[in-house]
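Residue numbers start from 1 in every chain, and the chains themselves are labelled A, B, ... in the order their sequence lines are given, proteins ahead of strands. None of these values were measured; they are calculated from a predicted model.
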Amino acid sequence: MEKKSYTVTAALPYANGPLHLGHIAGVYLPADIFVRFLRLQKHDVAFICGSDEHGAAITLRAKKEGVQPQEIVDKYHTLIKHSFEKFEISFDIFHRTSSELHHQYASEFFKTLHEKGAFEEQKSLQYFDATYQQFLADRYITGTCPKCQHPNAYGDQCEKCGADLSPTELINPTSTLSGNTPELKETTHWYLPMNKHEEWLRDWIQKGSIEGEIIHDPKTWKNQVVGQCMSWINGGLRARAMTRDLDWGIPVPLPNSEGKVLYVWLDAPIGYISATQQWAIDNGENWKDYWCKEEAKDRKLIHFIGKDNIVFHAIIFPILLKSHGDFILPENVPAYEFLNLEGDKFSTSRNWAVWLHEYLEHYPNKVDELKYVLTSIAPENKDSEFTWADFQTRINSELADIYGNFVNRVTVLIHKYYEGVIPSAHELTIYDQKVLSEIATIPGKISDLLYQYKIREAQQEMMNLARIGNKYLADEEPWKVIKSDPIRVETILKVALQITEKLALCSRVFLPKTADTLLNMLQINSEDWDVTESMLISGNSIGTPTILFEKITDEWVDHEKSKLITTPITNSKYPIMKELISFEDFTKMDLRIGHVIAAEKMENADKLLVLKVDTGIDERTIVSGIAKHYDAAAILGKKVVVLMNLAPRKIRGVESHGMLLMAENSEGELSALISDRDFDFGVTIA
RNA sequence: GGCGAGGUAGCUCAGUUGGUUAGAGCGCAGGAUUCAUAACCCUGAGGCCGAGAGUUCAAAUCUCUCUCUCGCUACCA
């Protein structure tokens, strides 16, 4: 086999939130399977990733939470890194873009491009916050949407009507930094004139050729990748700014560029390179062997990404690499579609997600189970669907019943008949030979599929080994033959154990923990993918049978499903959202405006006021625990929101009929909810 | 709005350049079996291939129209 070398990258996760199953199924797990396979094929491979820690979203979040951006990225970098480790994603390095090395190299990269004339300087008018003395990124400006009049549209987009906006279109623009109206001021940015690159990109995407030389086969690229790239190119590429006015990121390494940083999408993919450099330093390698034309001539660069990242990896980054001049271009950009969850999109803001770190915390011994399920439903060609019921079915009736049970059958029989010692095979029947030659073809099939990035089908082939094994046992019936021909049974079980061996070897790619367990049991150790000769040694004893995969109970499924609705939104400042209620539940509440016509402090109680409230239909007594925030005089005469039909309750001897609604902040301070228009008391609220 | 990718069995998905009765796994039904995690093995039932029109001897596959989902839409990252 021809020896090849690979540099494999997985999209840098953005360090402002944890990872969920969608990220794993659509990028990291497929990449990891591919890389584990390449390593067993003895290819020279570097598997590179890291966290993406710059960009406006992080600074906005930091401001909102009242912390430094560094605190946020430190927190999520650590969380994400640990999750990957526990989930056994086998990166050679998981680096970060806030590192000094990355800052240095990204600056250098930018300078080289600048010296080669890859950028164009353009002046434009941009909003400037005079109080903070800085230009404002689009996300830092809010105002009224000119299309739908939504009062809180962002400078780039109105989240209500979905319109794409530019900051200058906003009515009454406001700086989110100071709350003041920003002023328009001239600023300079460095643009990448992508239009100049259309011609070679077209050839490269469609024919896989650069300057007439074929460097990859475009048929191996996914439809959606080629389709989307060609749509961009045919639509005409335009210059795109590669710098931003922001104080978080990599400073533009040029004179007169104070307050400007590299665009995070320029910075992030360079992170693949700087991460490789760090890894090379740590391991005595030369990073150029992994990236540069001269040194890495036959190396294949593969970017695993999600579909939202296609143009950046298949158009913009290649332009940067080619403009720089030293680099190889990606050989393929396998882009995965998205994973949905129980019929709905994964959503961080709505907290509709299964978080990897939580899963790993709750089920640290169920890593391979999750890998199996996510590989089975990997969104290779279209969006796919994760449900907990499906998770249960796949583990119980595939992993446990077919795979686990097969291994169990073989080991139990060997223990029963031979006290755990591997028997010798004698004369092979035609059927034995057929089975053995059939299983010998499986590694090759898996190999072909993996080179085409068809991981779900490849995993199916692994499962076929267990199916073949189960059928072999059913056909040969050693538990019957043992009574008439015990010698024959030795052969049968040896063959069955060879199927187990093959299964274990193939599992190294998909189910590494399970593979370790099995290979350990069989006392086999191999670093090669396709092992033609069995390495089982007759006379060795195998360990005691253990259950490989426990079944998933209905309780588990119910528990996980209920968590989806009630899990907290990841924002520590405010209490978590309560369980959803139906509209019918809501209509049960009778809310009205009431008028406080009398108020007095209850004796011998610090917190209580006894109020008399006119609700329009009656005058009632309400005891309210607000004395620390409102004295009697302050609340007297106010129009307040009253929950009318709360069951009456005696408080310190006085019966209270209803409840005053109050807002409460994290310090426990209260504010009465009052009507902002002068409606008469007695009106209902709905 | 424009562009890209999808819509195939109850579920999750395959279907190469148009070519017999449209496939797999799971689920379901029936049978067989007992070494095994009530597991395994065999058989079977399930599809107007999103809707409509067209090209063709022949369409899931090519063309057009419509519809639904997801993504991108150039300063979101």
Asker: Give A/Y191 one of three labels, base, sugar-phosphate or nothing, depending on what nucleic acid heavy atoms sit under 4.0 Å from its own.
Answerer: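 Contact class for A/Y191: base.
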
Asker: Quick one: which protein N/O atoms are closer than 3.5 Å to N/O atoms of nucleotides 44-47 of chain B? Pair and distance per line, please.
Answerer:
none

Asker: Would B/rG46 be called syn or anti here, given the cut-off of 90° from 0?
Answerer: syn

Asker: Just to be sure I understand the rule, does A/V412 reach a base, reach only the sugar-phosphate, or reach nothing, if contact means heavy atoms closer than 4.0 Å?
Answerer: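 Sugar-phosphate, backbone atoms only, no base.
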
Asker: Can you list the stems that include RNA chain B, where a stem is three or more consecutive Watson-Crick or G-U pairs with distances under 3.5 Å?
Answerer: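 Result, WC/G-U stems under 3.5 Å: B:1-7 with B:67-73, B:10-13 with B:23-26, B:28-31 with B:41-44, B:50-54 with B:62-66.
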
Asker: Could you check A/V225 against A/G404 and say which one's nearest nucleotide on RNA chain B is further toward the 5' end?
Answerer: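 The residue mapped nearer the 5' terminus is A/V225.
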
Asker: Over all strands shown, is A/I377 touching base, sugar-phosphate only, or nothing at heavy-atom distances under 4.0 angstrom?
Answerer: sugar-phosphate

Asker: For a quick test of reading the model: is some side-chain N or O of A/T411 closer than 4.0 Å to OP1 or OP2 of B/rA36?
Answerer: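 Result: no.
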
Asker: Please tabulate, for side-chain N and O atoms in residues 333-345 of chain A, each donor-acceptor pair with protein atoms closer than 3.5 Å (sequence neighbours left out).
Answerer:
from   : atom 1 : to     : atom 2 : distance (Å)
A/E337 : OE1    : A/K307 : NZ     : 3.1
A/E337 : OE2    : A/Q224 : NE2    : 2.7
A/E342 : OE2    : A/W388 : N      : 2.8

Asker: Out of B/rA36, B/rC13, B/rG25, which has the shortest distance to the side chain of A/R456?
Answerer: B/rC13

Asker: Measure from NZ on A/K196 to P on B/rA74 and round the result to the nearest Å.
Answerer: 22 Å

Asker: Measure the distance from CG on A/N223 to C1' on B/rG4 and round it to the nearest whole Å.
Answerer: 10 Å

Asker: Taking atom P of B/rA74 as reference, at what distance in whole Å does atom CD1 of A/I315 sit?
Answerer: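 Distance check: A/I315 CD1 to B/rA74 P gives 14 Å.
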
Asker: Output yes when A/K561 and A/D554 qualify as a salt bridge under the 4.0 Å nitrogen-oxygen rule, no when they do not.
Answerer: no

Asker: Measure the distance from CG on A/D475 to P on B/rC35 and round it to the nearest whole Å.
Answerer: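 For the pair A/D475 CG and B/rC35 P, the rounded distance is 17 Å.
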
Asker: According to side-chain hydrogen bond (donor to acceptor under 3.5 Å, both in side chains), who are the partners of A/S257, at least two apart in sequence or on a separate chain?
Answerer: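 For A/S257, no residue satisfies side-chain hydrogen bond (donor to acceptor under 3.5 Å, both in side chains) once neighbours in sequence are set aside.
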
Asker: By the 4.0 Å heavy-atom rule, please label A/F406 as base, sugar-phosphate, or nothing.
Answerer: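 No contact.
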
Asker: Write down the distance between CD1 (A/I316) and P (B/rC76), rounded to a whole number of angstrom.
Answerer: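 Going from CD1 in A/I316 over to P in B/rC76 covers 11 Å.
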
Asker: Using 30° and 60° as the class boundaries, would you call the ring planes of A/Y363 and A/W556 parallel, tilted or perpendicular?
Answerer: parallel

Asker: With a 4.0 Å cutoff (strictly under), does any side-chain N or O of A/S384 reach OP1 or OP2 of B/rC13?
Answerer: yes

Asker: Filter on side chain to side chain donor-acceptor pair (under 3.5 Å), then keep only pairs touching residues 225-234 of chain A, sequence neighbours left out; what's left?
Answerer: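 Output for this query lists A/R202-A/N234.
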
Asker: How would you list all residue pairs meeting salt bridge (Lys or Arg N to Asp or Glu O under 4.0 Å) that involve residues 395-409 of chain A, not counting sequence neighbours?
Answerer: A/R394-A/E398, A/D401-A/K551

Asker: Assign A/L237 to base, sugar-phosphate, or nothing according to its heavy-atom contacts below 4.0 angstrom with the strands shown.
Answerer: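 Base, at least one base atom sits under 4.0 Å.
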
Asker: Heavy atoms from C-beta onward define the side chain here; which of B/rC75, B/rC70, B/rC26 lies closest to that of A/T393?
Answerer: B/rC26

Asker: If you only use heavy atoms from C-beta on, which nucleotide in B/rU37, B/rC41, B/rA77 is closest to the side chain of A/L548?
Answerer: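 My answer, after comparing the listed nucleotides, is B/rU37.
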
Asker: Quick one: A/N16 CG to B/rA77 P, roughly how many Å, whole number?
Answerer: 11 Å

Asker: Mind checking A/N340 for me? I need base, sugar-phosphate or nothing, with any heavy atom below 4.0 Å counting as a touch.
Answerer: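 Counting heavy atoms under 4.0 Å across all strands, no contact is made by A/N340.
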
Asker: Regarding A/T429 and A/D432, do their side chains bring together a donor and an acceptor under 3.5 Å, going by distance alone?
Answerer: yes

Asker: Quick one: label A/N470 by what it contacts on the DNA or RNA (base, sugar-phosphate, nothing), any heavy atom closer than 4.0 Å.
Answerer: sugar-phosphate

Asker: On RNA chain B, check which nucleotide each of A/Q224 and A/I402 is closest to and give me the residue with the more 5' one.
Answerer: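 First, find each residue's nearest nucleotide; the 5'-ward one identifies A/Q224.
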
Asker: Not counting sequence neighbours, which residues clear side-chain hydrogen bond (donor to acceptor under 3.5 Å, both in side chains) with A/H189? List them please.
Answerer: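 Applying side-chain hydrogen bond (donor to acceptor under 3.5 Å, both in side chains) to A/H189 gives A/T243, A/D245.
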
Asker: For A/E120, which residues count as a side chain to side chain contact (heavy atoms under 4.5 Å, CB included) partner, sequence neighbours excluded?
Answerer: A/Q122, A/P193, A/K196

Asker: Expressed in angstrom and rounded to an integer, what is the separation of A/L339 atom CG from B/rG6 atom C1'?
Answerer: 16 Å

Asker: Check whether any side-chain nitrogen or oxygen of A/K551 sits under 4.0 Å from OP1 or OP2 of B/rA39, and answer yes or no.
Answerer: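 Checking B/rA39 against A/K551, a side-chain N or O does come within under 4.0 Å of OP1 or OP2.
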
Asker: Using the salt bridge (Lys or Arg N to Asp or Glu O under 4.0 Å) rule, collect all pairs that involve residues 456-476 of chain A, keeping only residues at least two apart or in two chains.
Answerer: A/K471-A/D475, A/E476-A/R488

Asker: Against A/F549, only a single residue in A/L399, A/N408, A/N405, A/N396 fulfils side-chain contact (heavy atoms from CB on, under 4.5 Å); can you say which?
Answerer: A/L399

Asker: Any sub-3.5 Å donor-acceptor pair from A/T500's side-chain atoms to A/V407's backbone N or O?
Answerer: no

Asker: What does A/K345 touch in the nucleic acid at a heavy-atom separation under 4.0 angstrom: a base, only the sugar-phosphate, or nothing?
Answerer: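 Sugar-phosphate only.
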
Asker: Checking A/Y418 now: which residues fulfil side-chain hydrogen bond (donor to acceptor under 3.5 Å, both in side chains) with it, not counting sequence neighbours?
Answerer: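 Per chain and number, A/Y418 pairs via side-chain hydrogen bond (donor to acceptor under 3.5 Å, both in side chains) with no residue.
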
Asker: Between N or O atoms, less than 3.5 Å apart, protein on one side and nucleotides 7-10 of chain B on the other: list the pairs.
Answerer:
none

Asker: Who passes side-chain hydrogen bond (donor to acceptor under 3.5 Å, both in side chains) against A/K513, sequence neighbours left out?
Answerer: A/E88

Asker: Does A/N381 make a side-chain N or O approach to OP1 or OP2 of B/rA14 shorter than 4.0 Å?
Answerer: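 Answer yes for this pair, as a side-chain N or O of A/N381 is under 4.0 Å from OP1 or OP2.
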
Asker: B/rA36, OP1 or OP2 - any side-chain N/O from A/K416 closer than 4.0 Å?
Answerer: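 True: A/K416 side-chain N/O within range (under 4.0 Å) of B/rA36 OP1/OP2.
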
Asker: Pick base, sugar-phosphate or nothing for A/Y417, based on heavy-atom distances below 4.0 Å to the nucleic acid.
Answerer: nothing

Asker: Kindly indicate whether the side chain of A/R409 and the base of B/rA36 share any N or O donor-acceptor pair separated by less than 3.5 Å?
Answerer: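 Result: at least one qualifying N/O pair found.
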
Asker: Within the structure shown, what part of the strands sits under 4.0 Å from A/G236 by heavy-atom distance: base, sugar-phosphate, or nothing?
Answerer: base

Asker: Return the value, rounded to whole Å, for the distance between atom CG of A/N396 and atom C1' of B/rA38.
Answerer: 13 Å

Asker: Examine B/rC26: is either OP1 or OP2 under 4.0 Å from a nitrogen or oxygen in the side chain of A/R467? Give yes or no.
Answerer: yes

